[in-house]
Amino acid sequence: MRIVVALGGNALLRRGEPMSAANQLANVKRAAAQIALIAPGNELVLTHGNGPQVGLIALQVQAYAAGGDYPLDVLGAESEGMVGYLLEQELGNLLPGLTVVTLLTRTEVDRDDPAFSAPSKPIGLLYGKAKSERIAQSMGWTMAADGTGFRRVVASPKPLRVLSLQPIQWLLAQRAVVIAAGGGGIPVASTDGGPRLQGVEAVIDKDASSSLLARQLSADCLLIATDVDAVYVDFGKTTQRAVRGAAPSAFARSSFASGSMAPKVAAACAFVDATGKRAAIGSLESIEAMLHGDAGTQITHDGANAL
């Protein structure tokens with residue numbers, strides 16, 4: 001079975017944890033242990049988020065005043081390499097007979113996408129209101145509410161095409177586990193409507209890119225692993241309830257948090273609508289059961305039509 005697994009940023013760094021190297025490594029080891037359960041016997045492509053990591057690198061760059069700003073496409077490439085390396089090493093340690101490859105992956109976007117004038121993708125650290133206002137003023141960043149605090153938000157254009165598809169397919173044919181499109185991929189756009197591409201200031205939504213990549217690869221299943229066990233209706237309220245199975249059409253009548261669950265639901269539904277195959281959203285710790293259809297929120301065309 002050809003499977004695309006999308007690891008959310010919160011599956012790699014738990015909410016509220018300091019972004020230390022030790023914490024990052026501990027969470028990568030936890031993620032790798034779960035991925036290792038489903039890798040043997042399957043063609044596996046692993047994607048991952050990079051919101052916390054790319055935001056941290058941006059802060060580190062800002063601390064070096066003489067260096068000037070580094071564009072987000074370069075910071076995205078750095079974070080893709082960092083997280084990919086950690087995942088590749090831990091998976092290789094757990095599955096020494098299996099080849100694991102990290103591929104720096106570009107994702108094409110439209111330079112005229114309206115998202116460039118409406119930043120919405122949260123990256124980096126969580127701040128209190130007063131500190132976020134000071135940072136916005138000193139750094140020139142756009143800050144927005146995210147849960148109990150505020151984070152920097154950047155442009156998140158729609159992915160049009162995940163590049164390097166041929167190498168990914170070749171690696172899968174060689175029975176390699178491929179780590180690709182990390183952080184949604186390095187954002188690039190055409191300079192003049194032609195084939196010449198250039199990096200742009202953005203961070204692409206990882207779930208949207210993962211869904212697109214799964215469609216481009218004709219995957220049999222898309223698994224979106226996060227830090228909750230399922231999609232919930234009325235999440236955080238006394239009326240909250242888990243959705244265990246539904247058709248894509250059912251989700252159109254419900255709303256979900258724009259910075260967390262909404263893009264996951266949209267990505268899963270887009271994959272199911274386009275392919276007729278199955279997608280699932282749920283906890284990283286239940287990924288094996290999710291693959292077998294026994295955990296998480298299972299999204300299929302023949303699922304329930306109401307939530």
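Below, each value reflects all heavy atoms present in this structure, side chains not excepted, and no hydrogens, waters or symmetry copies.
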Practice prompt. May I ask you to decide if V203's main-chain N or O and S156's side chain share a donor-acceptor pair within less than 3.5 Å?
Written response: yes
Worksheet entry | Polar side-chain atom of E88 near backbone of T102 as donor-acceptor pair, under 3.5 Å | yes
Fill in: T142 OG1 to R151 CZ distance, which is reported to the nearest 0.5 Å
14.5 Å
Worksheet entry | Distance in Å, L223 CG paired with C221 SG, rounded so as to fall on 0.5 Å steps | 4.0 Å
Worksheet item: Looking at side-chain heavy atoms only, is the closest gap between V5 and L44 below 4.5 Å?
Response: yes
Worksheet entry | Short side-chain to backbone donor-acceptor contact, S20 and N23, under 3.5 Å | yes
Worksheet item: Hey, is the main chain of P263 close enough, under 3.5 Å, to the side chain of D207 for a donor-acceptor pair?
Response: no
Worksheet item: Between L72 and V74, is there a shared hydrophobic cluster once you connect ILVMFWY residues whose side-chain heavy atoms come closer than 4.5 Å?
Response: yes
Practice prompt. Could you give me the CA-CA distance, side-chain angles and deciding distance for Q24 and Q53, then say whether side chain to side chain donor-acceptor pair (under 3.5 Å) is met?
Written response: CA-CA 9 Å; Q24 181 70 89; Q53 293 81 10; 2.5 Å; yes
Discussion item. If the condition is side chain to side chain contact (heavy atoms under 4.5 Å, CB included), which residues does L197 pass it with, not counting sequence neighbours?
Written reply: R106, E108, L163, V188, S190
Discussion item. Test your reading of the model: is there a side-chain donor-acceptor pair from T297 to the backbone of V231, 3.5 Å cut-off?
Written reply: yes
Practice prompt. Run through V177, L172, L171 and flag the one making a side chain to side chain contact (heavy atoms under 4.5 Å, CB included) with V101.
Written response: L171
Fill in: Side-chain (T239) to main-chain (K237) donor-acceptor, under 3.5 angstrom
no
Worksheet item: Any side-chain heavy-atom pair from L103 and P167 closer than 4.5 angstrom?
Response: yes
Worksheet item: Would D73 and V200 count as a side chain to side chain contact (heavy atoms under 4.5 Å, CB included) if you check the C-alpha gap in whole Å, the side-chain angles of each, and the deciding distance to 0.1 Å?
Response: CA-CA 6 Å; D73 60 307; V200 293; over 6 Å; no
Worksheet item: Does a side-chain N-to-carboxylate-O contact under 4.0 Å join R152 and D146?
Response: no
Fill in: Rounded distance (nearest 0.5 Å) linking atom CD1 of I38 with atom CG of L46
8.5 Å
Practice prompt. Give the intermediate values and the outcome of side chain to side chain contact (heavy atoms under 4.5 Å, CB included) for residues T99 and R175.
Written response: CA-CA 7 Å; T99 299; R175 311 305 298 174; over 6 Å; no
Item to complete: For the pair D205 and K121, find out whether any cationic side-chain nitrogen is under 4.0 Å from an anionic carboxylate oxygen.
Response: yes
Taking only distance into account, with no hydrogens and no angle test, what donor-acceptor pairs under 3.5 Å do side-chain atoms of residues 268-282 form with protein atoms, sequence neighbours excluded?
from: T275; atom 1: OG1; to: F271; atom 2: O; distance (Å): 2.7
from: T275; atom 1: OG1; to: K277; atom 2: N; distance (Å): 3.0
from: R278; atom 1: NH1; to: M290; atom 2: O; distance (Å): 3.1
from: R278; atom 1: NH1; to: L291; atom 2: O; distance (Å): 3.4
from: R278; atom 1: NH1; to: Q298; atom 2: OE1; distance (Å): 2.8
from: R278; atom 1: NH2; to: L291; atom 2: O; distance (Å): 2.5

Worksheet item: Is a side-chain donor or acceptor of T107 paired with a backbone partner of P187 at a separation under 3.5 angstrom?
Response: no
Worksheet item: Under a 4.5 Å cut-off applied to non-hydrogen side-chain atoms, are W170 and L165 in contact?
Response: no
Item to complete: Measure from the side-chain N and O atoms of T226 to the backbone N and O of S283, and report whether any donor-acceptor pair falls under 3.5 Å.
Response: no
Worksheet item: Between S209 (side chain) and K206 (backbone), is there a donor-acceptor pair under 3.5 Å?
Response: no
Worksheet item: Under a 4.5 Å side-chain heavy-atom rule over Ile, Leu, Val, Met, Phe, Trp and Tyr, are L212 and I204 clustered together?
Response: no
Worksheet item: Counting N and O atoms only, with roles assigned by atom type, does the side chain of S211 sit under 3.5 Å from a partner on the main chain of A208, one being a donor and the other an acceptor?
Response: no
